[in-house]
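The next block holds one structure in the form of structure tokens; read it before the comments.
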Amino acid sequence: MAEFKLLNSLGIMLLAALGTTVVARSLRVPNIVAYIVAGLLLGPTFGVLEVTHTIELIAEFGIILLLFLVGLELSLAKIKEVGTTAFVTGGVQMGGTALGGGLLAGLFGYGVAESVAVAVAVMFSSTVVVVKLLEKRGDLGAKYGQIAVGVLLVQDLVVVLVLTFVAGLAGPDELVWTDVAWGLGQAFVGMALLGAAIVAAARYVLPAAIQWISQMSEGLFIWSLFWCFLVVLGAEALHLSPELGAFLAGIAMAQLPQCHELRHRVHPLVNFFVIVFFVSLGLQMELGAALGRWPFALTLAAFVMVVKPLLFFAVLPQLGHSEETAVRTGLSLAQISEFSLIFGALALSSGLIDETLLSVITLVGLVTFALSSFLLLYSDRLYSAVKPYRPLAWLGATQEPPEPPDDGLRDHVIVVGMNTLGRCLVDRLVAAGETVVAVDTDPEKLAPLQVRTVHGSAVHGAVREAMHLDTAQLLVSALSIEETNNLLAYHARQAGVPCSIHAFDRTSEDSLRTIGVDHLIRSKHEGARTLLRELQSREVLAS
Amino acid sequence: MIELTVLLGLAAAGMGLSQWTQFPAIPFLLVGSLGLSATGVVGDPQFVEDVLFLSVSVLLFVVGTDLSPQRVGPFKSAALRIGLFQFVGLAAAGVGLALGLSYGLTDALYLGLALAASSTIVGVRLLQHRQQMFEPFGRTVVGVLLLQDVLVVLLLPVLIRFPDGPVAMLWSLGGTVLLLGGVALVMKAVVPFLLERNLDAETQLLAVLGVLFGFMGVAEWVEVPQFAAAFLAGVSLSGFPFSGIVHSEMQPLHDFFSAIFFASLGVAASLPNWSLVGHAALFAGAVLLLTPLLVAVVGEWAGLVARPAVESGLLLSQTSELSLVVGLQALVVGQITGDVFAVIVLATVFTMIVTPLLTNDTVVWELVRWHPSRRPDPLPEVPSGHVLLLGGGRSTRPILRLLRESDYEAVVIEEDPAVVNRLREQGVTCVRGDGADLSVLLATGAAQAKIIVSTLRTPTVLGDLLHYVGDTVPILVRVFEDGEADWVEARGGTPVRFSHAAANAFMTWFVQEQAPVPGTDPPR
């Protein structure tokens with residue numbers, strides 16, 4: 001049916017992505033590559049599907065939500081830490097890559113305009129690929145992850161400048177400087193305005209508003225998403241990139257106590273949209289014309305994958321960062337960007353390049369996305385392999401001493417649900433000298449506690465990781481929610497951790513016994529005994 | 001981008017109003033959506049329609065994953081009786097009313113089906129808010145809602161083919177049976193496979209979405225409505241523990257897409273004129289009047305006493321989000337017009353707005369007073385100097401056993417007829433009634449009791465009792481939360497803190513577990 005065209009298209013995309021992912025997992029290939037391959041098969045190879053306007057929008061939402069999630073993960077303090085490094089490193093990398101890429105294009109016989117286009121196309125790295133993989137590895141908070149994200153954001157600012165220049169082009173040989181100056185002015189003023197608006201909102205509006213709506217869990221989620229897209233619209237109105245707007249929206253929310261719960265909720269939404277993004281990326285790749293220029297394409301891909309990391313290897317140690325940080329940052333940014341493909345399309349429409357060169361850029365994108373995914377995912381193993389040889393010692397890089405073993409939580413007791421029962425359990429366990437982790441979805445219930453706390457729903461995998469379920473001595477649930485208790489008991493069994501679960505009525509007792517718990521907290525039974533004692537003390541019943 | 005931001009803005013506004021007024025968000029979203037459509041702010045209706053259909057699919061899929069009969073517990077029989085009677089009764093009334101208002105037969109059938117089911121979202125939300133999910137009537141209501149969801153989704157494919165004749169209807173039914181086979185296959189083969197694999201969250205989500213879109217693909221092939229297939233795909237993943245795992249991944253998508261769904265429905269509906277508003281009001285009135293009546297009568301037959309029966313009826317007296325899906329599906333295939341769909345939307349708005357107003361204690365008690373089968377169950381004479389127990393559940397068994405050995409008579413007030421019969425067989429004086437009903441309490445000698453013990457789940461229903469006899473008769477009240485304890489104490493009662501008792505018992509167990517067994521290593 002025409003009415004369900006989007007559903008059918010999405011269905012084909014997701015099923016194809018599932019199929020290629022199954023194959024990719026057996027070959028230990030990153031999911032991202034599988035998604036792009038799915039798109040390639042559906043689009044350029046077999047011509048099954050075309051990208052509609054709605055699918056393009058859904059894909060764009062993926063990037064926006066991903067950057068919103070990145071903003072939620074970072075704090076202002078972390079950003080300040082890496083700001084200078086990101087600017088300097090990013091600037092050197094972009095300049096060096098552009099210069100090298102342009103010269104390489106010239107060596108292969110391209111003209112000035114085409115060489116400049118190639119230079120611009122190769123200087124950016126992929127925000128979506130890098131951020132997605134960093135997030136998958138849990139390394140967004142690691143030093144190299146922060147630097148990589150910082151460099152990508154600096155590149156986003158440069159994107160604005162590039163787009164301004166392209167907009168000022170009246171033809172392949174003509175630049176209207178007044179248009180360029182006007183565009184640049186707008187961009188700077190826009191950034192200042194957006195920044196000021198977000199700071200004001202984060203200080204005076206968001207805390208109270210989010211606090212109020214967070215009593216309704218869907219309300220918190222929807223309000224946060226609305227805030228994100230509102231800022232994105234604002235960024236677009238000010239001629240800034242939507243990704244930058246989404247990132248800033250996330251930063252504004254990251255300072256609020258509800259950000260943890262929000263992160264867990266945004267995650268699955270990001271996963272869904274980003275899968276669509278990568279499949280649609282593959283759908284839109286036109287590679288046919290590139291095959292005739294494969295030597296240049298492969299040389300350019302090799303240039304990107306070798307020179308970009310080398311630039312980071314060279315610069316980061318000079319800024320005081322360790323060898324490992326330099327290596328892993330470089331490896332993570334060894335690809336061109338999805339913006340390179342967009343820029344290529346713009347350059348084609350402006351007459352700067354022809355379709356063959358656009359195909360070459362696309363092929364370079366495909367190769368570098370795929371290979372750099374491997375590099376990023378396995379960067380720790382790669383570094384471990386070369387570490388004994390001190391590869392960057394000649395650049396003055398120092399190796400950090402091995403990190404002390406993680407003395408994170410072990411043998412602690414996790415108490416889920418800070419109702420009265422939960423708080424009683426926490427108090428009594430602490431009084432007995434136990435290390436306790438308290439978990440609840442309401443930050444206000446956690447705030448007055450003097451123990452380690454985790455904010456979020458314990459059914460989320462990320463929350464279970466944060467509460468270190470695998471190394472706990474006991475999981476206790478004080479909740480009166482049957483489904484959650486059953487799931488907690490199941491996960492405790494899977495992790496081999498004993499559990500004590502609140503059985504608040506007979507039906508819930510039966511289902512918990514079936515799952516297999518170590519101890520049931522039978523509040524009605526124990527309360528009845530207290531009632532008996534009370535009646536005995538009043539001489540209604542014999543002692 | 002603008003369209004999505006507008007829809008999210010509308011959803012955010014609706015949720016803000018909901019939080020402020022404590023009414024469900026859905027009616028605000030629906031009204032806003034109709035208004036939005038009228039203003040023409042939405043510049044890309046194709047995008048909105050695309051997202052609307054995607055939202056419906058995700059919504060129904062997640063509804064399907066919630067289909068767990070275990071949630072109903074031992075009240076399946078009651079839920080089945082109440083659910084069927086309500087469904088058939090309302091459907092018949094809806095069809096009759098529609099025909100009376102000069103709608104065609106097809107329109108009338110869809111209106112009837114749309115009126116027949118109650119809202120799972122609203123019903124469950126109200127039960128959770130009042131912490132009544134696990135009371136007997138709460139479980140019964142959940143069972144009714146699940147049953148009606150199934151009935152609507154299974155009837156929809158048949159109804160869609162109604163204009164094409166019986167052969168087409170049979171074909172559609174056959175296609176639905178094939179999908180049901182797919183449900184069994186996924187449950188038996190795919191889910192255990194996925195559980196074994198221990199997949200990361202992203203791949204798991206992809207697998208789950210693969211099941212959803214796989215079902216929808218098959219549905220298109222066998223010409224069954226894709227929305228029904230989305231629901232059945234969810235059902236295939238509704239078994240424990242995979243449903244819980246799916247939920248944690250799909251809940252954010254559900255929240256997002258259901259907000260978008262309600263906010264974008266107006267694109268599909270016509271802007272209603274006053275005549276349509278009047279029709280919608282009539283249909284809503286039928287639901288609001290007939291549902292409590294049907295459910296109260298059938299509920300008591302099924303074993304609920306007066307108050308839970310009345311309260312169940314009031315909780316169920318609204319049309320469902322599935323009513324909107326039924327209407328949307330019919331609109332998409334051209335079997336109803338935008339006007340009829342607008343009537344369904346408005347009826348849903350009206351009933352969802354009114355339900356929270358109806359389900360407050362004042363209305364409930366007023367209706368209970370008029371309940372025809374609320375027969376007094378008096379004692380031959382009003383006892384005195386006895387122990388009055390409110391609630392005859394398991395908590396009171398040891399008390400009753402010991403009271404038999406004491407000098408005090410025990411009188412129990414209990415609403416569950418099965419418990420009443422059991423206690424009477426044991427020789428306990430038991431009155432069938434509501435322990436929160438002051439007239440019942442006074443008839444059982446509350447003012448003359450030696451002591452009153454309440455094991456009712458919600459202590460705050462004892463306000464009248466505490467006010468009336470709290471100064472003269474000691475009243476022990478079971479409480480779980482410290483706030484409840486403070487409330488009881490402030491009114492002269494004595495709270496018995498079950499949570500604290502449970503915590504003490506837990507610590508006894510914990511310390512024993514920690515203690516070294518002689519001859520073994522000491523505990524960690």
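Note on naming: letters A, B, ... go to the chains in the order of the sequence lines (proteins, then strands), and numbering restarts at 1 for each one. Every value quoted in this text rests on a predicted model; they were computed, and no experiment measured them.
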Exercise for review: Write down the atom of A:T20, the atom of A:A38, and the distance for their closest heavy-atom approach.
Suggested key: OG1-CB, 3.6 Å
Check your understanding: Looking at B:F480 versus A:F504, is the centre-to-centre ring distance below 6.0 Å?
Key -> no
**Study point:** Ring centre gap for B:W509 and B:F506 strictly below 6.0 Å
**Key:** yes
Exercise for review: Below 4.5 Å from any heavy atom of chain A, which atoms of B:I399 appear? Answer side chain, backbone, both or neither.
Suggested key: both
Point to revise | Contact class of B:S258 relative to chain A, heavy atoms under 4.5 angstrom | key: neither
Review point. Mind checking whether A:F61 and A:F229 have parallel, tilted or perpendicular rings, split at 30° and 60°?
Key: perpendicular
Review point. What residues, two or more places apart in sequence or in another chain, satisfy side-chain hydrogen bond (donor to acceptor under 3.5 Å, both in side chains) together with B:D200?
Key: A:R25, B:T203
Review point. Distance only, no hydrogens: is a donor on one side chain within 3.5 Å (strictly under) of an acceptor on the other, for A:S500 and A:H519?
Key: yes
Side chain, backbone, both or neither of [X] within contact of chain B (heavy atoms, under 4.5 Å):
{"X": "A:V476", "answer": "side chain"}
{"X": "A:H53", "answer": "side chain"}
{"X": "A:I12", "answer": "neither"}
{"X": "A:L233", "answer": "side chain"}
{"X": "A:F272", "answer": "both"}
{"X": "A:L487", "answer": "both"}
{"X": "A:V22", "answer": "neither"}
{"X": "A:N419", "answer": "both"}
{"X": "A:L57", "answer": "side chain"}
{"X": "A:L18", "answer": "both"}
{"X": "A:E60", "answer": "side chain"}
{"X": "A:W212", "answer": "both"}
{"X": "A:V413", "answer": "side chain"}
{"X": "A:N31", "answer": "side chain"}

Check your understanding: Is a salt bridge present between A:E526 and A:R522, judged by a nitrogen-to-oxygen distance below 4.0 Å?
Key -> no
**Study point:** Charged N-O contact under 4.0 Å between B:R497 and B:E481
**Key:** no
If you tally heavy-atom pairs under 4.5 Å against chain A, which of [options] wins?
{"options": "B:Q128, B:R125, B:E484", "answer": "B:R125"}
{"options": "B:G210, B:G244, B:P241", "answer": "B:P241"}
{"options": "B:P398, B:S499, B:G214", "answer": "B:S499"}
{"options": "B:D255, B:V51, B:I245", "answer": "B:D255"}

Revision key, fill the gap. By side chain to side chain contact (heavy atoms under 4.5 Å, CB included), A:A235 pairs with (sequence neighbours left out) A:L194, A:L240
Review point. Cation-pi between B:R139 and B:F75: NZ/CZ under 6.0 Å from ring centre and within 45° of the ring axis?
Key: no
